[in-house]
Amino acid sequence: MQIGDLIRRAGRQYGAAPALVDGERVVSFAEFDELTDRLGHALLAGGLEPGDRVAVLLPNGIDGVVVYYALAKSGLVRVPLNARETAHELAFKLSDSQARGFVGAADPPGPVEIVVDAGLLPDLIAGAPDGPCDVRRDPDAPLRLAYTGGTTGRPKAVVLTTRSELAEVDNFLVDLLPNLRPDSVMLHAAPITHGSGAFFLPHLVKGAANVIVGRFSPGAFLEAAQKHRATTTFMVPTMIGMLLEDPAVASADLALERLCYGGAPIATTVLQRGIDVLGPVFTQLYGQAEAPLAITCLQPWEHTPERLTSAGKPYTFVEVDIRSEGRSVGVDEVGEVLTRGPHTMQRYWRRPEATAETKEPDGWLHTGDIGRWDAEGYLHLLDRRHDVIISGGFNVYPREVEDALLAHPAVVEAAVVGLPDEKWGERVTAAVVLRSSADPEEIRGFCAERLAGFKRPKVVEIWAGLPTSPVGKSLRREVRDRMLAATHPEDA
Ligand code: AMP
């Protein structure tokens, strides 16, 4: 089965019902099938050949989705770019992916052979031949390249195939969205280039509408969620924090059944407040670019107070193991999380060494995350392997310290890193953003009540804002670099 087959079938089954909504623009299932066929034909007629990579740089909206699935039908390989990245990052991705084509609303960020100006998409579509565009692709050939967050060094592209994409849809339908029906509505408030995009096909195949909000703000989200009676949405934790800060959230009349969140750790205080305000709709997913959004999930009914620190249980058809020194660990022992399943990346694009380090020949993928199982089989993530701070010989997981800081009423954001320290090896150091004034010493005192001595931040700096990636992930590496530049210019 090909991705195009799913779109064609949805077009036949759900015809005139709305498949995509963005502001005033509505595209039906039948129209979506036709638009993607026509654009697929036009791209091939313009000189692109099956297997070519095509970078796409478009704002969150219907055109982006039409381009993505036209590429799927025409055998081309999608390389999504995010407009919030710097010109330098975009240029890197364009050349690293060896993109032959570019579709965008602005000039390409580097040299590329075939450029399609987004303003011309309607003309291209209107001038293209009728009939299905159906380039059959080997199930193990690249379907799309997804760049990793780049929170640990230069971004790498993950190769995802038709096989992995269909498995991803399957995982979602089985575990996350088992109740989808034609009157379900997905609200895309986060960039479809990233996590939110994974919700598109599961809704499409079940006849449910996908509604897109151009750019997230709590106000825009609440308005669209109420207007369209959204039943599903996806947010990264930062967005949930912002939403809960908006006083309008408490009185909003929402139809949400699932507020899926993940992509980064969430503070338990934020999560508990979210449940208090929005009800039992929170569904956590733990995944990564290499294992798209499906390693473990925590269902709404599993969000009990003692489980809020957990990332949930493995998806039904995903294997998860925690290993230390090559062997699987038992309950409460700490190790690296590994996962295996047909949805995982095939390999890193043009990085055989990185692939060999990350994916075992038998398919087990090293996530780089440190975790432990509890007695009931729930996974608890401690932190990224590379972010663990070693202070006085003890492992300090920055996430735990950040959680303690975020429990302070004045703290809205926190990032904890290790700085070089002659005595301790590394010194636990925090940067916090405040919502009301507070004294760093008082914040340290607050942590002292919650954390063992070696975990307490030795220094708490107050920052106006923390650096985040284009999808809203906090960039500890950059926090550390800035602190080093200020205090240890020789190490920066
Ligand atoms: P990316 O590949 O950019 O999506 O980043 C994936 C990483 O984000 C994972 O390896 C985890 O470290 C982190 N992450 C994703 N989901 C969760 C979650 N639910 N809880 C904690 N960390 C998460």
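These values consider heavy atoms only, across backbone and side chains, with no hydrogens, waters or symmetry-generated copies. Note that the structure is predicted; figures quoted are calculated from it, not measured. All ligand and atom numbering here is 1-based and tracks the order in the structure.
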Student: Is it true that Lys93 and Glu89 have a side-chain N and a carboxylate O under 4.0 angstrom from each other?
Tutor: no
Student: Contact between Ile295 and ligand 1, counting heavy atoms under 4.0 Å?
Tutor: no
Student: Does Phe394 have any side-chain contact (heavy atoms from CB on, under 4.5 Å) partners at least two apart in sequence or in another chain, and if so, which?
Tutor: Phe454
Student: Is it the case that ligand 1 has an N or O less than 3.5 angstrom from some N or O of Thr148?
Tutor: no
Student: What part of Ile266, side chain from CB on, backbone N/CA/C/O, both or neither, has a heavy atom under 4.0 Å from ligand 1?
Tutor: neither
Student: Check this for me - ligand 1, Leu381, N or O atoms closer than 3.5 angstrom, yes or no?
Tutor: no
Student: Could you check whether Glu333 pairs with Arg327 (Lys NZ or Arg NE/NH1/NH2 to Asp/Glu carboxylate O, under 4.0 Å)?
Tutor: yes
Student: Looking only at N/O atoms, are Gly262 and ligand 1 under 3.5 Å apart anywhere?
Tutor: no
Student: Residue-level breakdown please: for Gln284 versus ligand 1, do any non-hydrogen atoms fall below 4.0 Å on the side chain, on the backbone, on both, or on neither?
Tutor: side chain
Student: State the atoms of ligand 1, each with its element, that fall below the 4.0 Å cut-off from a heavy-atom position in Arg384.
Tutor: 9 (C), 10 (O), 12 (O)
Student: Counting both backbone and side chain atoms, is some N or O of Ala311 under 3.5 Å from an N or O of ligand 1?
Tutor: no
Student: Tabulate below the donor-acceptor pairs under 3.5 Å that side-chain atoms of residues 159-166 make, not counting sequence neighbours, or state none.
Tutor:
residue, atom, partner, partner atom, Å
Thr161, OG1, Pro139, O, 3.4
Thr161, OG1, Arg163, N, 3.3
Thr161, OG1, Ser164, N, 3.1
Thr161, OG1, Ser164, OG, 3.4
Arg163, NE, Asp140, OD1, 2.8
Arg163, NH2, Asp140, OD2, 3.0
Ser164, OG, Thr161, N, 2.8
Ser164, OG, Thr161, O, 3.0
Glu165, OE1, Arg144, NE, 2.9
Glu165, OE1, Arg144, NH2, 3.1

Student: Hey, which of Phe216, Phe172, Phe200, Phe199 is the one that makes ring pair (Phe, Tyr, Trp, His ring centres under 6.0 Å) with Phe234?
Tutor: Phe199
Student: For ligand 1, which atoms sit closer than 4.0 Å to a heavy atom of Gly287?
Tutor: 6 (C), 9 (C), 15 (C), 16 (N)
Student: What do you reckon, does Gly368 put a non-hydrogen atom under 4.0 Å from ligand 1?
Tutor: no
Student: Less than 6.0 angstrom from the centroid, inside 45 degrees of the normal: does Arg372 satisfy that with respect to the ring of Tyr378?
Tutor: no
Student: What atoms in ligand 1 come closer than 4.0 Å to a heavy atom of Ala289?
Tutor: 1 (P), 2 (O), 4 (O)
Student: Is it true that Asp383 and Arg399 have a side-chain N and a carboxylate O under 4.0 angstrom from each other?
Tutor: no
Student: Taking atom 13 (C) of ligand 1 as the point of reference, which of Pro237, Pro155, Cys260, Gly263 owns the nearest heavy atom?
Tutor: Gly263
Student: With respect to Gln288, determine whether any N or O atom, backbone or side chain, lies less than 3.5 Å from an N or O atom of ligand 1.
Tutor: yes
Student: Ignoring angles and geometry beyond distance, decide whether Arg399 reaches within less than 3.5 Å of ligand 1 through its nitrogen or oxygen atoms.
Tutor: no
Student: Below 30° counts as parallel, above 60° as perpendicular, anything between as tilted: where do the rings of Tyr261 and His303 land?
Tutor: perpendicular
Student: Any salt bridge between Glu290 and Lys156, counting N to O under 4.0 Å?
Tutor: no
